[in-house]
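One structure is given below, encoded as structure tokens.
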Amino acid sequence: MRIRVILIAAAVVTATAAAQADEVLYRYEGDVLIHDPSTGWVVFQPCEVRCSESVENGRFVLRYTPPGSLANYDLSMDSVSAPIPETAFWAEWRFRSNQPLGPYFFTCDGLFKVGHANILESFHMYGDAVISQSGDDLMRGLALDEFHTFRFETWDGTTYRLTVDGTTFVETADSSSHPGYGFLQLRGGGGCGDFPNTINEWDYVRYGNLTSGEQIVSSDPPDGALNNIVYPHFDRFTVTFDSPSYVFVDDITVSVTGGVAPAVIQTRRRDNGAPETVEIVLARAIPVDETTTFTFNDGTTVNVIEYTLVAGTPSDPDGDGVDDLLDNCRHHPNPAQADCD
């Protein structure tokens, strides 16, 4: 395994083969710190001054007591087992912090840096905000102290976009050329301000080849008829694709047979969730006694999920008109009683 310090020098990436669809760079499944030699990450700046690092509940945790010091961890993508893509590339990570955006901006909380092909970009993350390196792009209003899904992707190694919980935050072309870069950098800097007891956490970092045409193979709960007693506030569900994928807020349209459709406000991974599964979060619950249709269209393929929320009663919770004492399938509408499965 070749190791190099990323920010001092960067050799030309020589890998030409396509990457695996999903290469987990660090998922923190055991009590292994990020800079353990087996992970491929190396320490650029150690966590040592009023700073502690640990693996807790499957997450990499940095804690700071101000004034703390930065902690940087770098991964050279030509030092890991799967070769990186030459152009079509995505990287994804989950991050949370208890520190809100303050007056310090670029240096005082989490950072994730991507060097790939002709792109070099840094994303400075706070518990409730994210800022691009230039400062021209800012997203505020994220839920504080909650994991958020950050995703970087590029089709050509020059233009790129970053999304946060499925909403586009940056979509631009890099103004400068950095040929040959192939690295990721994870940084915690939560202790450089006056915010007491800052905590930064990551629950995975991974990357892969951009693809298209993925198909939804299942949803949770399964699409079809549901009753509102079992699902009293149905405002989220998950979809699982046939390969590692993601879906963005503006890729989904929602329609209702006889009412106003709820808006999709977030798409995100669950903590340490499978790369094939994405959670869809709605602004409000879907309406009762109507069919709500979700159409997923990424420009190359269309997937449809439909839910019909049926009004049930205590004696007939699945709403199929058959009393629960006589119903051969109590949790799913089955008015003909023809099939108990």
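Cluster annotation: Val288 and Leu226 are assigned to the same hydrophobic cluster (Ile/Leu/Val/Met/Phe/Trp/Tyr, side-chain heavy-atom contacts under 4.5 Å, transitive). Linking Ile, Leu, Val, Met, Phe, Trp and Tyr residues whenever their side-chain heavy atoms come within less than 4.5 Å leaves Val205 and Val61 in two separate clusters.
Between Tyr246 and Phe248, the distance separating the two ring centers is shorter than 6.0 angstrom. In this structure, the ring of Phe237 has its center less than 6.0 angstrom from the ring center of Tyr307. For an aromatic pair to be called close, the ring centres must be under 6.0 Å apart, and Phe60 with Tyr73 satisfies this. Close placement of the Trp93 and Phe112 rings is indicated, their centers lying within 6.0 Å of each other.
Annotation: the span from Leu210 atom CG to Glu153 atom CD amounts to 5.0 Å, rounded to 0.5 Å.
The cationic group of Arg59 does not satisfy the cation-pi geometry with Trp202, failing either the under 6.0 Å distance to the six-membered ring centre or the 45° limit from the ring axis.
In this structure, Phe147 shares a hydrophobic cluster with no other residue, the cluster being traced through Ile, Leu, Val, Met, Phe, Trp and Tyr side chains under 4.5 angstrom apart.
For the 3.5 Å distance criterion, the side chains of Thr293 and Glu306 qualify, holding a donor opposite an acceptor.
Taking every heavy atom of both residues into account, Ser97 and Asn200 meet most closely at OG-ND2, 3.4 Å.
Under the 4.5 Å side-chain criterion, counting only non-hydrogen atoms from C-beta, Ser122 is not in contact with Val114.
Salt-bridge formation is not detected for the pair Arg96/Glu146: no Lys NZ or Arg NE/NH1/NH2 atom is positioned less than 4.0 Å from an Asp or Glu carboxylate oxygen. For the pair Glu121 and Arg161, the salt-bridge criterion is not met [side-chain N within less than 4.0 Å of a carboxylate O]. With respect to Asp165 and Arg268, no salt bridge is recorded, no charged nitrogen being found less than 4.0 Å from a carboxylate O.
A distance-only check finds a donor-acceptor pair linking the side chain of Asp128 to the backbone of Leu101 [under 3.5 Å]. One N or O on the side chain of Arg269 and one on the backbone of Thr277 form a donor-acceptor pair closer than 3.5 Å.
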